[in-house]
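Scope of the values below: all heavy atoms of this structure, side chains included, with no hydrogens, waters or symmetry mates.
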Amino acid sequence: LKKYFNWKDNKKVICFHLSLFRDRNFHSGPRVIFKDNYSFTKYMLRKIRDTSNVNWIIKYHPVEKLYKSNTPIYREIELLEKNFNHIRVLPDDISNASTLSIADAVLTSHGTAGIKYPIFGINSIFTEKSNYSNLNFTKMVRSKKKLDQIIKNIHRLPKVKNNIMKKSLTFLFIFDYVIRINCSLIPV
């Protein structure tokens, strides 16, 4: 991917996963920092533009294409990609799994990337309540000040610890497979 994006530097790569703008706002409880997915994305796009000590890959939500959304934010992303070499959009013809080979961290509001990437040893940063935010091993960012501090030093994030990788995998296994079992004793 670095070759594809013509990134010849050795900067770390951060993958910014956009949320679905039509997503319900309080599916895991009240929001913590941002009033909705749109305001989170607008805020982060400004941060990404100004944080050039890393390379950024912006990944659209997979369902967004089905809705054929045409929000002004997509035009803003196109302009960022055109005007800043450290910002690129993950093309449709490249597998999402490709980011696993180069991402040093991921950033999401509350999406599943926040729990999936740590399985592979990749740091995740998330700011809103999710189905994994109340776990003792995940750390949700709870203020803009703290988020700004993390983004400023994102190139210095430590490696994900082995026990966090195992706990993330265990959680996803239980969430995706065990709970999905058709059992009248387990409410779904």
> Considering all heavy atoms of both residues, which atom of L147 and which atom of M44 are nearest to each other, and what is their separation?
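The answer is CD2-SD, 3.8 Å.
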> Going only through I, L, V, M, F, W and Y residues with side-chain contacts under 4.5 Å, is there a path from L80 to L90?
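As far as the 4.5 Å side-chain criterion goes, L90 and L80 are not connected within one cluster.
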> Is a side-chain N or O of W7 found less than 3.5 angstrom from the main chain of N85, in a donor-acceptor match?
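Side chain of W7 to backbone of N85, a donor-acceptor pair under 3.5 Å: yes, one is there.
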> Indicate, with yes or no, if L107 and I33 share a hydrophobic cluster defined by side-chain heavy-atom contacts under 4.5 Å among Ile, Leu, Val, Met, Phe, Trp and Tyr.
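Yes, because I33 and L107 connect within a single hydrophobic cluster, where side-chain heavy atoms sit under 4.5 Å apart.
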> Less than 4.5 Å apart, any side-chain heavy atom of M140 and any of T127?
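No; the side chains remain at least 4.5 Å from each other.
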> Do any N or O atoms from the side chain of K11 and from the backbone of S52 form a donor-acceptor pair under 3.5 angstrom?
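Yes, K11 side chain to S52 backbone: donor-acceptor pair under 3.5 Å.
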> Would you say the side-chain atoms of N153 pair up with the backbone N or O of R156, donor to acceptor, closer than 3.5 Å?
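Side chain of N153 to backbone of R156, a donor-acceptor pair under 3.5 Å: no, none is there.
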> Would K144 count as a cation-pi partner of Y43, with NZ or CZ less than 6.0 Å from the six-membered ring centre and within 45° of the ring normal?
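Cation-pi check for K144 and Y43: passes.
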> Can you name the nearest heavy-atom pair linking P118 to S124, along with the distance?
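For P118 and S124, the tightest heavy-atom pair comes out as CG-OG, 3.5 Å.
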> E76: which residues meet the salt bridge (charged side-chain N to carboxylate O under 4.0 Å, His left out) condition with it, sequence neighbours left out?
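E76 satisfies salt bridge (charged side-chain N to carboxylate O under 4.0 Å, His left out) with K42 once adjacent residues are dropped.
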> Could you measure the distance from the NZ atom of K2 to the CG atom of D9? Nearest 0.5 Å is fine.
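Those atoms lie 7.0 Å apart.
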> For the pair K146 and Q149, evaluate side chain to side chain contact (heavy atoms under 4.5 Å, CB included) and give the outcome as yes or no after the intermediate values.
CA-CA 5 Å; K146 182 68 176 168; Q149 189 178 33; 3.5 Å; yes
> Mind checking whether F126 and Y132 have parallel, tilted or perpendicular rings, split at 30° and 60°?
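Aromatic pair F126/Y132 classed perpendicular.
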> I115 versus T138: any side-chain heavy-atom pair under 4.5 Å?
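In contact.
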> Do E81 side-chain atoms and V89 backbone N/O form a donor-acceptor pair below 3.5 Å?
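Yes: the side chain of E81 pairs with the backbone of V89.
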> Between T99 and Y117, which heavy-atom pair has the shortest distance, and what is it?
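Shortest heavy-atom contact: OG1-OH, 2.6 Å.
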> Is a side-chain donor or acceptor of D104 paired with a backbone partner of V13 at a separation under 3.5 angstrom?
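Yes, because the side chain of D104 sits within donor-acceptor range (under 3.5 Å) of the backbone of V13.
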> Could you go through the side chain to side chain contact (heavy atoms under 4.5 Å, CB included) check for I77 and L18 one step at a time?
CA-CA 11 Å; I77 291 170; L18 296 180; 3.7 Å; yes
> Under a 3.5 Å threshold, yes or no: a donor from one side chain and an acceptor from the other, between H86 and N55?
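Side chains of H86 and N55: no pair found under 3.5 Å.
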> Locate the shortest heavy-atom distance separating F40 from T108; write the atom from each residue and the value.
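In terms of heavy atoms, the two residues are closest at CZ-C, 3.7 Å.
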> With the side chain counted from C-beta on, respond yes when H110 and S19 share a heavy-atom pair under 4.5 Å apart, and no when they do not.
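Result yes, sub-4.5 Å side-chain heavy-atom pair found.
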> Taking I58 as the starting point, is it possible to reach F34 by hopping between hydrophobic residues whose side chains are less than 4.5 Å apart?
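Both belong to a single hydrophobic cluster.
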> Transitively linked via ILVMFWY side-chain contacts under 4.5 Å: I73 with Y60?
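Yes, same cluster.
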> Does the side chain of V106 reach to within under 4.5 Å of the side chain of I14, using non-hydrogen atoms?
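Contact flag for V106/I14 side chains = no.
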> Please report the shortest heavy-atom distance between S109 and N37, naming the atom on each side.
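Minimum heavy-atom separation between S109 and N37: OG-OD1, 3.9 Å.
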> Closer than 3.5 angstrom, by distance alone: can the side chain of T51 be matched with the main-chain N or O of I48 as a donor-acceptor pair?
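Checked: no pair found.
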> Report the C-alpha separation of K59 and F16 in whole Å, then their side-chain angles, then the decisive distance to 0.1 Å, and conclude whether the side chain to side chain contact (heavy atoms under 4.5 Å, CB included) test is met.
CA-CA 6 Å; K59 185 193 167 305; F16 176 39; over 6 Å; no
> Treating Ile, Leu, Val, Met, Phe, Trp and Tyr as nodes and any side-chain heavy-atom pair under 4.5 angstrom as an edge, say whether L45 and I57 lie in one connected cluster.
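Looking at the clustering, I57 is in a separate group from L45.
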> Is the CG atom of D93 crowded by more than 12 outside heavy atoms at less than 6.0 Å?
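Correct, the count exceeds 12.
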> Begin from the C-alpha positions of I151 and I154 and carry the test side chain to side chain contact (heavy atoms under 4.5 Å, CB included) through to its verdict.
CA-CA 5 Å; I151 298 300; I154 201 162; 4.2 Å; yes
> Between W56 and R88, is any pair of side-chain heavy atoms under 4.5 Å apart?
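W56 vs R88: side chains apart.
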> Side-chain donor-acceptor pairs under 3.5 Å in residues 157-171, sequence neighbours left out?
from	atom 1	to	atom 2	distance (Å)
S168	OG	I164	O	2.9
T170	OG1	K166	O	2.8

